[in-house]
Amino acid sequence: MSSQQPQSEYQPSIKVTALREGTVIDHLVAGTALKVLAILGIEFEGAVTIGLNLESSKMKQKDIIKIERREVTPEEVAKIALVSPRASFSIIREFQVVEKFQPTPPEIIENLIRCPNPSCISNEDRVETKFRVVRIDPLHIRCHYCERSLRKGEVVLL
Amino acid sequence: MSTQADDLLAFAERDLISMRDVSRDEINAFLDMAERFESLTQPVLQGKVLGSLFFEPSTRTRLSFSAAMQRLGGSVVGFADAKVSSTAKGESLHDSIRVVENYCDIILIRHPREGAARLAAESTRLPVINAGDGTNQHPTQTLLDLYTIRKTRGRLDNLKIAFIGDLKYSRTVHSLIETLTHFDNELFLVSPQSLRMPPDFIDELDTRGTVYTEDEDFFSIASDVDVIYTTRIQEERFPDPVEYEKVKNAYRIDRAAIERIGAEVTLLHPLPRLNEISTDLDDYPGSAYFDQARNGLTVRKAVLSLLLGVKF
Ligand SMILES: [Zn+2]
């Protein structure tokens with residue numbers, strides 16, 4: 001889909017060429033990079049470079065994360081999409097972008113989010129949480145159990 | 001073109017958890033079928049057992065379902081209050097359902113937590129009916145409201161329908177309004193400022209293109225209104241008792257108010273009422289709130305039969 005985007009867009013800000021193995025997560029909504037890092041956890045072997053509020057031709061301001069020697073799992077991509085639906089991922093091996101993709105908006109989100117409704121049965125019984133995506137951007141999802149609507153900013157990741 | 005039978009196939013032998021799962025065609029086909037239960041006297045549910053699990057008390061709903069089951073020749077097992085069930089001993093809902101499914105053919109569940117009926121349905125292969133899950137859904141209430149509107153006005157489209165009172169917390173109103181977005185009507189939402197429809201539901205009306213107005217004044221509703229649906233305004237919603245007294249009286253409907261509106265209007269209320277509808281309206285020709293209870297029985301007979309796959 002977006003695989004033909006010019007790869008040079010982030011180069012003036014971050015030396016992506018220096019990345020031998022790893023992942024570049026670009027076009028993050030400005031201010032979300034730290035949330036994305038929280039999703040990825042903090043146990044990284046390699047260097048992590050974070051750019052906040054960088055100028056972007058597409059989105060005015062964006063965040064960007066570059067992680068050495070770490071690739072992202074589909075589950076992580078799904079979580080990141082909830083925080084920043086237009087994020088783009090570049091997988092780098094031997095200095096080459098071997099894969100570039102954007103997350104496909106899921107129809108159902110399972111076991112990624114906790115329902116913030118304290119009276120929802122999913123918070124009591126041993127239930128795997130499940131949400132239906134009404135709209136991905138701006139985010140609007142509905143709990144499969146209590147049917148409560150959740151919007152951007154109300155989402156609590158598990 | 002789908003036939004009526006096709007429309008109901010999707011409904012039969014599955015669960016009734018949420019009106020969000022039911023399409024416009026299914027609603028129409030269901031209401032057509034329900035009409036036949038008004039006069040049905042054969043014991044079509046003979047030998048069938050309803051497992052009636054009330055994890056919180058709701059006497060009216062429980063009696064209505066029990067009567068529906070027994071009038072059609074079926075029987076009922078279950079409990080009326082969670083205090084006597086093993087949930088009180090900490091058993092999970094999933095386990096409770098797995099036990100009860102051995103004793104019955106269909107399960108009815110009332111539960112204080114939202115989503116409990118959905119979870120119950122996922123725990124068993126038996127059909128499950130939601131008799132109210134917290135503030136979320138109570139689909140047979142919505143079906144009986146639709147049934148009553150159609151019966152009194154002859155249609156579910158091209159109506160002017162006013163909702164009066166607590167539009168913020170009323171599950172009944174939320175579910176009925178949301179279901180009415182399948183149809184083409186004009187809605188009047190009349191409530192005190194502090195009890196307005198939550199933004200999520202207003203959003204949904206906008207998305208679905210439903211025509212509506214919001215107002216605090218009862219007399220803002222059109223003079224050719226077809227249906228007025230009133231709800232209880234509960235005192236506990238108001239931290240200030242003086243504020244409650246003001247609001248309570250501002251949304252009280254009596255004969256004089258209805259005559260000032262002028263229209264021949266259908267009056268609905270999910271009951272029990274406090275003083276929202278004056279008793280001087282009880283013999284008003286359009287008062288249908290007691291009919292709602294009878295229609296509830298008819299609708300529940302139809303739901304039980306349909307989900308049990310009974311042919312008639
Ligand atoms: Zn929930």
Side-chain angles (χ1 to χ4, degrees), chain A residues 29 31-32 35 74-75 78-79 81-86 103-158, chain B residues 15-22 53 55-56 82 86-88 90-98 109-124 128 130 132-139 142 169 171 174-175 178-179 181 197-208:
Chain A
V29 173
T32 58
K35 280 189 206 154
E75 195 192 44
K79 282 190 184 180
L82 297 178
V83 173
S84 196
R86 307 260 179 258
T104 18
E107 283 173 17
I108 290 174
I109 300 165
E110 281 178 289
N111 258 348
L112 291 184
I113 302 170
R114 184 166 62 78
C115 183
N117 170 14
S119 155
C120 177
I121 194 73
S122 71
N123 285 317
E124 183 180 83
D125 259 47
R126 37 163 198 268
V127 183
E128 308 206 325
T129 71
K130 193 162 159 185
F131 289 81
R132 283 169 200 288
V133 176
V134 181
R135 195 181 47 226
I136 196 75
D137 194 14
L139 190 66
H140 179 196
I141 59 179
R142 193 184 291 285
C143 177
H144 169 71
Y145 291 100
C146 72
E147 304 186 20
R148 190 72 59 89
S149 257
L150 287 190
R151 315 243 170 194
K152 204 180 149 196
E154 297 174 308
V155 171
V156 184
L157 295 168
L158 275 173
Chain B
D15 313 295
L16 181 58
I17 304 302
S18 167
M19 288 307 294
R20 289 201 172 96
D21 304 335
V22 186
L53 316 182
F55 292 90
E56 68 175 5
S86 2
T87 349
E91 187 179 49
S92 77
L93 179 59
H94 176 268
D95 287 2
S96 302
I97 298 295
R98 292 302 303 273
I109 177 172
R110 170 88 170 201
H111 200 285
R113 283 192 172 245
E114 291 92 47
R118 180 80 65 192
L119 179 63
E122 289 172 351
S123 307
T124 176
V128 173
N130 183 2
D133 61 326
T135 60
N136 184 32
Q137 289 271 330
H138 187 3
T142 305
Y169 297 104
R171 171 182 66 192
H174 294 168
S175 178
E178 209 168 27
T179 308
T181 62
M197 281 278 282
D200 252 348
F201 289 94
I202 292 295
D203 232 40
E204 191 139 351
L205 292 180
D206 290 334
T207 313
R208 306 290 286 266

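Residue numbers begin at 1 in each chain, while the letters A, B, ... track the order of the sequences.
At a threshold of 4.5 Å between non-hydrogen side-chain atoms, the residues B:Glu114 and A:Asn117 count as touching. Annotation: side chain of B:Asn136 is not in contact with side chain of A:Arg148 (no heavy-atom distance under 4.5 Å). Between B:Thr135 and A:Glu147 the shortest side-chain heavy-atom distance does not fall below 4.5 Å.
What you find for B:Pro112 and A:Ser119 is that their closest heavy atoms are O-OG, 4.0 Å. Pairing each heavy atom of B:Asp133 with each of A:Tyr145, the nearest pair is OD2-O, 4.4 Å. Smallest separation of non-hydrogen atoms from A:Ser149 and B:Asp200: CB-OD2, 2.7 Å.
Note: B:Arg113 leads B:Arg118, B:Arg113, B:Glu122, B:Gln137 in heavy-atom pairs under 4.5 Å with chain A. The choice from A:Cys115, A:Cys120, A:Ser122 that makes the most heavy-atom pairs within less than 4.5 Å of chain B is A:Cys120. Contacts with chain B were tallied for A:Pro118, A:Cys146, A:Cys143; A:Cys146 has the most, counting heavy-atom pairs under 4.5 Å.
Counting heavy atoms of neighbouring residues, nucleotides and ligands inside a 6.0 Å radius, atom NZ of A:Lys35 does not exceed 12 of them. Atom CZ of B:Arg208 has more than 12 neighbouring heavy atoms from other residues, nucleotides or ligands inside a 6.0 Å radius.
With a 4.5 Å cut-off on non-hydrogen atoms, A:Arg142 touches chain B through its side chain but not through its backbone. Both the backbone and the side chain of B:Ser18 come within less than 4.5 Å of a heavy atom of chain A.
Here NE2 of A:His140 is found 7.0 Å from CG of B:Asp203. Values are rounded to the nearest 0.5 Å.
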